[in-house]
Amino acid sequence: MMNNVHDLVASKKTLGEQNEMPLFAALVRYAEQEVTPFDVPGHKMGAQMNPLKEALGEMTLRMDVNSMEELDLLSHPQSVIKKAQKLAAAAFGADHAFFLVNGTTIGILAMIIAVCKPGEAMLVPRNAHKSVMEGIILSGANPIFIQPEIDYHFGISHNVSVSKVKKAIDMHPEAKVMLLTYPTYFGSMTDLSEICRLAHERNITVIVDAAHGAHLGFMPGDLADPISAGADAATISMHKTGGSLTQSSLLLLQNDRIPPQKIQQALNMLQTTSANYLLMSSLDVARRELVLYGSKQYDELKPIVEEAIKTIECASNFEVLKASYVKNQYNQAYDWTKLVIRVNGIGLTGFEVYKLLKEKYNIQVELAEGYVIMAVITSSDSKESIDRLVFALKEIERRFGKQMVVMSTNVTADLVNELVLNPRDAFYAEQESIAIEDAAGRISGDTLMIYPPGIPLVIPGEIISKEVIQQYHYYCETLGNVLTETKEADHITVIKENV
């Protein structure tokens with residue numbers, strides 16, 4: 001097995017193979033045949049003209065077909081899907097790759113279910129995505145939360161530190177599994193190689209939510225992708241930064257700690273039996289493009305981004321999160337394709353700048369927080385697109401900036417909620433809906449979060465604190481929406497108390 005994705009460049013044979021797109025090619029061949037379909041889907045390869053066909057085009061609907069012998073079956077791949085998955089595994093330096101058509105969420109659920117039995121301890125960062133919490137509920141695992149590094153200056157969380165992970169391992173010898181987020185939503189990367197080494201010494205399996213790291217192995221520099229860093233399994237959102245269609249992801253597996261048949265079994269339980277061929281074939285195409293052209297594209301983009309950062313900060317009160325800052329302050333690496341811009345220095349919140357960018361300049365950034373906005377840079381960006389963002393930001397400061405700095409104690413979610421009930425037990429416990437103002441001290445049966453990034457303020461089984469309630473109100477007032485499971489406004493589901 002290759003030690004790093006970059007090693008592909010040294011192998012002409014491998015690059016020749018990576019030029020192939022077996023699933024995409026088979027799908028195009030089928031779509032171009034004069035087939036008379038009497039199978040599903042019911043639109044019969046776009047037989048009738050309708051608004052969907054007018055918008056998407058005939059070929060799109062002709063490629064939206066069902067599983068059959070010549071196109072293989074995702075739940076039991078034997079031919080073109082199997083070959084496409086093998087190419088994906090080679091592209092990312094893994095032993096096995098599994099196509100996902102229900103997003104990275106389904107990969108995270110499958111990894112957790114495959115490796116964690118009910119009642120087993122799992123080490124996990126508290127700023128993990130909601131899908132991780134749902135995997136904990138489905139598996140019945142006992143989570144042991146590790147607090148991330150909190151950045152009060154930018155108002156965000158970074159990754160967990162190696163020292164906190166080591167302490168958690170030492171304090172919980174019963175732990176069988178560790179889940180890490182790498183990179184975080186905001187681009188921070190802990191020393192995953194060292195953490196994998198520490199975990200494997202204790203026979204702890206390491207699984208990784210790498211949703212935002214599909215591109216890592218194809219970037220200039222020494223940023224390690226999760227597989228080359230030693231993770232046993234990782235799920236990556238190819239649609240986020242790898243160029244495939246939304247909802248298509250990859251689950252990567254290496255070594256022998258997790259049997260591939262166990263992953264396949266878990267996926268077959270969770271994933272649709274009617275896998276979308278447009279999504280799967282887009283994975284085939286995106287993998288090829290990343291391998292053949294990704295490194296060159298990111299090489300060309302890096303100086304453009306560096307120049308943009310200089311321009312954004314020049315004679316302004318903006319501040320951009322940089323690798324040097326993350327390294328010096330938190331001893332972590334940083335993914336420069338996450339353009340995190342601190343905007344509260346111009347007297348506006350991230351939410352206000354986010355809205356101005358969209359309404360005044362028709363620019364859609366990834367997300368906003370109290371102090372920052374974040375723009376995601378991918379190989380599809382160009383100097384022109386990045387310059388438009390830079391121009392808009394400078395204009396916003398000039399036209400809408402204020403002579404003040406926005407500060408708030410509620411911006412950074414550094415909550416340490418007490419977990420008093422296993423999340424699965426809390427999910428199945430008898431519950432009731434109450435006003436959130438009356439919920440302090442109660443055990444949550446609900447998940448409160450904003451999306452993006454999808455990191456819960458509280459999960460089932462945790463005590464609802466006054467700080468959680470304050471955070472809820474802060475996001476309702478500034479963002480206008482907090483996702484909950486209850487349908488009643490300003491209510492939360494809690495565990496019923498014995499009278």
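As the structure is a computational prediction, the values presented were derived from the model and not from experiment. We're numbering straight along the sequence, starting at 1.
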Flag for [Y]-[X]: side-chain donor and acceptor within less than 3.5 Å:
X: Asp284; Y: Ser281; result: no
X: Thr337; Y: His215; result: yes
X: His153; Y: Glu319; result: yes
X: Glu477; Y: Tyr472; result: no
X: Tyr325; Y: Asp151; result: yes
X: Arg288; Y: Gln18; result: no

Could you walk me through whether Tyr371 and Tyr152 pass the side-chain contact (heavy atoms from CB on, under 4.5 Å) check? CA-CA 10 Å; Tyr371 292 169; Tyr152 295 98; over 6 Å; no
For the backbone of [Y] and the side chain of [X], can you confirm whether one donor and one acceptor N or O come within less than 3.5 Å of each other?
X: Thr378; Y: Ser380; answer: yes
X: Glu397; Y: Lys394; answer: no
X: Thr190; Y: Val160; answer: yes
X: Glu120; Y: Lys117; answer: yes
X: Asp209; Y: Leu179; answer: no
X: Asn344; Y: Val405; answer: no
X: Asp95; Y: Asn255; answer: yes
X: Arg442; Y: Ile495; answer: yes
X: His172; Y: Glu174; answer: no
X: Ser244; Y: His239; answer: yes

Got a sec: does the [atom1] of [X] have more than 12 other heavy atoms crowding it under 6.0 Å?
X: Asn328; atom1: CG; answer: yes
X: Lys176; atom1: NZ; answer: no
X: Asp170; atom1: CG; answer: yes
X: Tyr298; atom1: OH; answer: yes

Restricting to side-chain hydrogen bond (donor to acceptor under 3.5 Å, both in side chains), what partner residues turn up for [X], sequence neighbours left out?
X: Gln247; result: none
X: Asp425; result: none
X: Lys338; result: Asp335
X: Glu313; result: Lys322

Assess whether a salt bridge exists between [X] and [Y], defined as any Lys/Arg side-chain N lying under 4.0 Å from an Asp/Glu carboxylate O.
X: Arg388; Y: Glu384; value: no
X: Arg197; Y: Glu194; value: yes
X: Lys310; Y: Glu306; value: no

Spatial distance of atom [atom1] ([X]) from atom [atom2] ([Y]) [nearest 0.5 Å]:
X: Asn102; Y: Thr105; atom1: CG; atom2: OG1; value: 9.0 Å
X: Ser248; Y: Asn276; atom1: OG; atom2: CG; value: 9.5 Å
X: Gln297; Y: Ser382; atom1: CD; atom2: OG; value: 11.5 Å
X: Thr246; Y: Leu279; atom1: OG1; atom2: CG; value: 8.5 Å
X: Leu419; Y: Ile136; atom1: CG; atom2: CD1; value: 8.5 Å
X: Leu321; Y: Phe154; atom1: CG; atom2: CZ; value: 4.5 Å

Kindly indicate, with the supporting measurements, whether the criterion salt bridge (charged side-chain N to carboxylate O under 4.0 Å, His left out) is fulfilled by Glu369 and Arg342. CA-CA 9 Å; Glu369 287 283 353; Arg342 186 174 183 265; over 6 Å; no
Can you check side-chain contact (heavy atoms from CB on, under 4.5 Å) on Val208 and Thr235, steps first, answer last? CA-CA 6 Å; Val208 177; Thr235 304; over 6 Å; no
I'd like to check [X] versus [Y] (side-chain heavy atoms, cut-off strictly below 4.5 Å). Are they in contact?
X: Ile346; Y: Ile396; answer: yes
X: Lys164; Y: Glu149; answer: yes
X: Lys327; Y: Tyr334; answer: no
X: His129; Y: Pro453; answer: no

For the aromatic rings, using the six-membered ring if either is Trp, is the centroid distance between Tyr185 and His212 under 6.0 Å? yes
Looking at Phe92 versus Phe218, is the centre-to-centre ring distance below 6.0 Å? yes
Determine which pairs satisfy salt bridge (charged side-chain N to carboxylate O under 4.0 Å, His left out) with at least one residue from residues 246-270, sequence neighbours left out, and list them in order. Asp232-Arg257
Partner residues of Glu307 under the salt bridge (charged side-chain N to carboxylate O under 4.0 Å, His left out) criterion, sequence neighbours left out: none
For Ala266 and Ile113, the nearest pair of non-hydrogen atoms, with its separation, is CB-CG2, 4.4 Å
Please step through side-chain contact (heavy atoms from CB on, under 4.5 Å) for the pair Asp446 and Val458, ending with a clear verdict. CA-CA 7 Å; Asp446 207 339; Val458 69; 5.8 Å; no
Take Leu109 and Leu138 through the side-chain contact (heavy atoms from CB on, under 4.5 Å) test and state the conclusion after the steps. CA-CA 8 Å; Leu109 298 181; Leu138 285 173; 4.0 Å; yes
Criterion side-chain contact (heavy atoms from CB on, under 4.5 Å) against Leu251, the qualifying member of Leu100, Ile236, Ile108, Ile207: Leu100
